[in-house]
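Note on naming: letters A, B, ... go to the chains in the order of the sequence lines (proteins, then strands), and numbering restarts at 1 for each one. No experiment lies behind these values; they were computed from the predicted model shown.
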There are 2 protein chains.
Amino acid sequence: MTTTSPQGRTELLRPDGSPVRVLVVDDELSITELLSMALRYEGWQIRSAGDGQGALQTAREFRPDAVVLDMMLPDMDGLTVLGRLRRELPDVPVLFLTAKDAVEDRIAGLTAGGDDYVTKPFSLEEVVARLRGLIRRSGAADRRSDSVLVVGDLTLDEDSHEVYRGGDSIHLTATEFELLRFLMRNPRRVLSKAQILDRVWSYDFGGQANVVELYISYLRRKIDAGREPMIHTRRGAGYLIKPAVPAVP
Amino acid sequence: MTTTSPQGRTELLRPDGSPVRVLVVDDELSITELLSMALRYEGWQIRSAGDGQGALQTAREFRPDAVVLDMMLPDMDGLTVLGRLRRELPDVPVLFLTAKDAVEDRIAGLTAGGDDYVTKPFSLEEVVARLRGLIRRSGAADRRSDSVLVVGDLTLDEDSHEVYRGGDSIHLTATEFELLRFLMRNPRRVLSKAQILDRVWSYDFGGQANVVELYISYLRRKIDAGREPMIHTRRGAGYLIKPAVPAVP
DNA sequence: CGCTTGTCTGTGATTTCCCTGAGAAACACA
DNA sequence: TGTGTTTCTCAGGGAAATCACAGACAAGCG
């Protein structure tokens, strides 16, 4: 089931209307806290654990709809945790966290059952998007929720990564796509450059803050060029997206 | 009966609308878990057993629509299991798992009854495809579901292994065929290289991830050469197939 | 009206990712 | 056993994406 909050954001809910439950497992406290905060902001109920033991224990009583699982845990192998987790909750989808340079065979086979993974350092938008996809496909949430975002005549399909403005297909790069998705998931709301940086870029990004301006400018060229603009600047505050008002000639 | 899920994937269902039931029998836990995960993702209901005794017991009460049966079991010969299984469930189709170097003529006789087999190490696409075929032909699922995949002017027949683009017959190697089948079973959806590797290559494949790129390039030569392309790269995300949009001159 | 501050965008360096040719190894079949 | 086919590794080339930098531009304020 999906519902629309007063702020206009669309939330995933379970069929009975209660919030989606997610278990986050990582030994780095900074990561679990970062994720917990971001996922709570999605309106989900979050529990976290710092090792395999705690993960299994929490899973038993919390009965989450999805699990975020770091493959590098202090007490047991990620695959062992996965196996035992599967015995408790056979159908729960898992989003694995792996180091970018991890040996590939450690993650081999993990997507076979419909699970997914992201590599560290990740961006929060990426984690949230993949979790939403897993939950949507697992049937824990209402099947009616689909993968298409719409703002005015602009549509973005999260499965096919296709973007259309009016009838025109628009090709976006990975970063442009994530930025637009973040804007479109928060229509008519001003998002500061800091917020955007925190959600769309990886948590260890150490660059200049003006990449956001740069990518907003890329997006405008592709989406607003020669049309009524949908992306607006609020000087000193940030950016927002909203349906275009047709020009009155 | 077949039904189409929100994601556009087609699921096999029994005539009464309930999910197909499959029993997986293998003594290696990693194999039963891998298969269970993959087959659950197909929307099927799965039970597993680790030996002949357990298999027969589970079969009696679970009454599966199909059985995946390893020929090498610790407690009894695969043929013995098969015989007793047949006494319980005379019409259930069986997919045998055999080692690659096993004597093949023992299997050859068995598949005469409509059963089928795959050799270890297998790819999940292969197992799923053969199971779908067995279930379809056994009549446990609605007969209307046929074996031809269609995306735009591209058709792929899972029974005859024939592929046509427009009017032209296209010869594919085994791997190319499986890759294309996987793409066509998930049209308009971006599939990552990891997903493709996990489904199309055997579970023990330890090679370079760029075989996927290589085989995509082979497929393009055969399918897209001199035509409007149907296979698209989403840089940093994966590949997807969709009907070609005719070029507007 | 000019100044300050914040925003936009052209240029180019660097990195990352993808494609594909060449050839070796494994396999299938006669 | 020999021959043609298929699978896969390796590596070079090339295209695309990302980002820093800096100057142009615009908004708001005194």
Side-chain angles (χ1 to χ4, degrees), chain A residues 100-101 104-105 108 119 121-123 125-126 161 163 170-180 183 190-197 200-202 204-225 229 231-240, chain B residues 99-102 104-105 108 119-123 125-126 161 163 170-180 190-194 196-197 200-225 229 231-240:
Chain A
K100 180 137 204 169
D101 51 358
E104 290 273 329
D105 55 37
T119 56
F122 47 78
S123 82
E125 268 302 288
E126 198 185 344
H161 281 218
V163 175
I170 292 169
H171 172 260
L172 299 183
T173 71
T175 308
E176 290 164 358
F177 182 83
E178 284 210 358
L179 171 56
L180 181 61
L183 293 174
V190 176
L191 302 165
S192 72
K193 276 185 265 193
Q195 270 180 301
I196 293 174
L197 213 48
V200 177
W201 270 262
S202 6
D204 72 338
F205 179 80
Q208 305 300 103
N210 86 326
V211 282
V212 177
E213 299 170 22
L214 186 60
Y215 272 85
I216 288 282
S217 119
Y218 290 160
L219 271 188
R220 281 181 166 144
R221 256 178 256 182
K222 294 183 176 178
I223 285 168
D224 283 348
I231 300 173
H232 304 269
T233 305
R234 289 283 175 273
R235 200 182 160 82
Y239 301 93
L240 85 165
Chain B
K100 182 131 205 168
D101 50 0
E104 299 247 333
D105 50 31
T119 57
K120 288 185 179 182
F122 47 79
S123 81
E125 268 301 288
E126 198 184 344
H161 277 222
V163 175
I170 292 169
H171 172 260
L172 299 183
T173 70
T175 308
E176 290 164 358
F177 181 83
E178 284 208 359
L179 171 56
L180 181 61
V190 175
L191 301 167
S192 71
K193 275 182 266 194
I196 294 173
L197 216 47
V200 175
W201 269 261
S202 6
Y203 55 79
D204 72 338
F205 179 81
Q208 306 300 103
N210 87 325
V211 283
V212 176
E213 299 169 22
L214 186 63
Y215 273 84
I216 288 282
S217 121
Y218 291 160
L219 270 188
R220 281 182 166 143
R221 262 179 246 180
K222 295 185 175 178
I223 284 168
D224 283 348
I231 300 173
H232 304 267
T233 305
R234 290 280 175 273
R235 199 168 215 272
Y239 301 93
L240 85 165

Donor-acceptor contact below 3.5 Å, side chain [X] vs main chain [Y]:
| X | Y | answer |
| --- | --- | --- |
| B:K222 | B:H171 | yes |
| A:E213 | A:N210 | no |
| B:S202 | B:F205 | no |
| A:D224 | A:I231 | yes |
| B:E178 | B:T175 | no |

side-chain N/O [X] vs [N] OP1/OP2, d < 4.0 Å:
| X | N | answer |
| --- | --- | --- |
| B:T233 | C:dC18 | no |
| B:W201 | D:dT7 | no |
| B:K193 | C:dC17 | no |
| A:R220 | C:dC8 | yes |

Between atom [atom1] in [X] and atom [atom2] in [N], what is the gap in whole Å?
| X | N | atom1 | atom2 | value |
| --- | --- | --- | --- | --- |
| A:H232 | C:dC8 | NE2 | C1' | 16 Å |
| A:D204 | D:dT18 | CG | C1' | 14 Å |
| A:L172 | D:dA16 | CG | C1' | 14 Å |
| B:I231 | C:dC18 | CD1 | P | 15 Å |
| B:F205 | C:dA26 | CZ | P | 14 Å |
| B:L240 | C:dC18 | CG | P | 14 Å |
| B:D224 | C:dC19 | CG | C1' | 14 Å |
| A:L179 | D:dT18 | CG | P | 11 Å |

Kindly write out the residues that satisfy ring pair (Phe, Tyr, Trp, His ring centres under 6.0 Å) with B:Y215, not counting sequence neighbours, or none if the list is empty.
B:W201, B:Y218
Touch class at under 4.0 angstrom, heavy-atom based, for A:F177 against every strand present:
nothing
When you look at A:F177 and B:R234, which way does the side-chain contact (heavy atoms from CB on, under 4.5 Å) test go after all the steps?
CA-CA 11 Å; A:F177 182 83; B:R234 290 280 175 273; over 6 Å; no
At their closest point, which heavy atom of A:V200 faces which heavy atom of A:L179, and how far apart are they?
CG1-N, 3.9 Å
Shortest non-hydrogen contact from A:P229 to A:H232?
O-NE2, 3.4 Å
Might you list the N or O atoms of the protein lying below 3.5 Å from N or O atoms in nucleotides 3-5 of chain D, with each pair's distance?
none

For A:S192, all residues meeting side chain to side chain contact (heavy atoms under 4.5 Å, CB included), sequence neighbours excluded:
A:A194, A:Q195
Is there, by distance only and without an angle test, a donor paired with an acceptor across the side chain of B:Y239 and the base of C:dC18 below 3.5 Å?
no
Ignoring hydrogens and geometry beyond distance, is the side chain of B:R235 in donor-acceptor contact with the base of C:dC18 at under 3.5 Å?
no
How do A:R221 and B:Y218 order along DNA chain C: which one's closest nucleotide is nearer the 5' end?
A:R221
Which of residues 208-216 of chain A have a heavy atom under 4.0 Å from DNA chain D?
A:Q208, A:N210, A:V211, A:L214, A:Y215
A:R220: partners by side-chain hydrogen bond (donor to acceptor under 3.5 Å, both in side chains), with sequence neighbours left out:
A:T233
Start with the C-alpha distance between A:L191 and A:L240, add both sets of side-chain angles, then the distance that settles side-chain contact (heavy atoms from CB on, under 4.5 Å), and finish with yes or no.
CA-CA 6 Å; A:L191 302 165; A:L240 85 165; over 6 Å; no
For the helix from C:dC1-D:dG30 to C:dA30-D:dT1, what is the angle between the axes at its two ends, each from 5 pairs, rounded to 10°?
30°
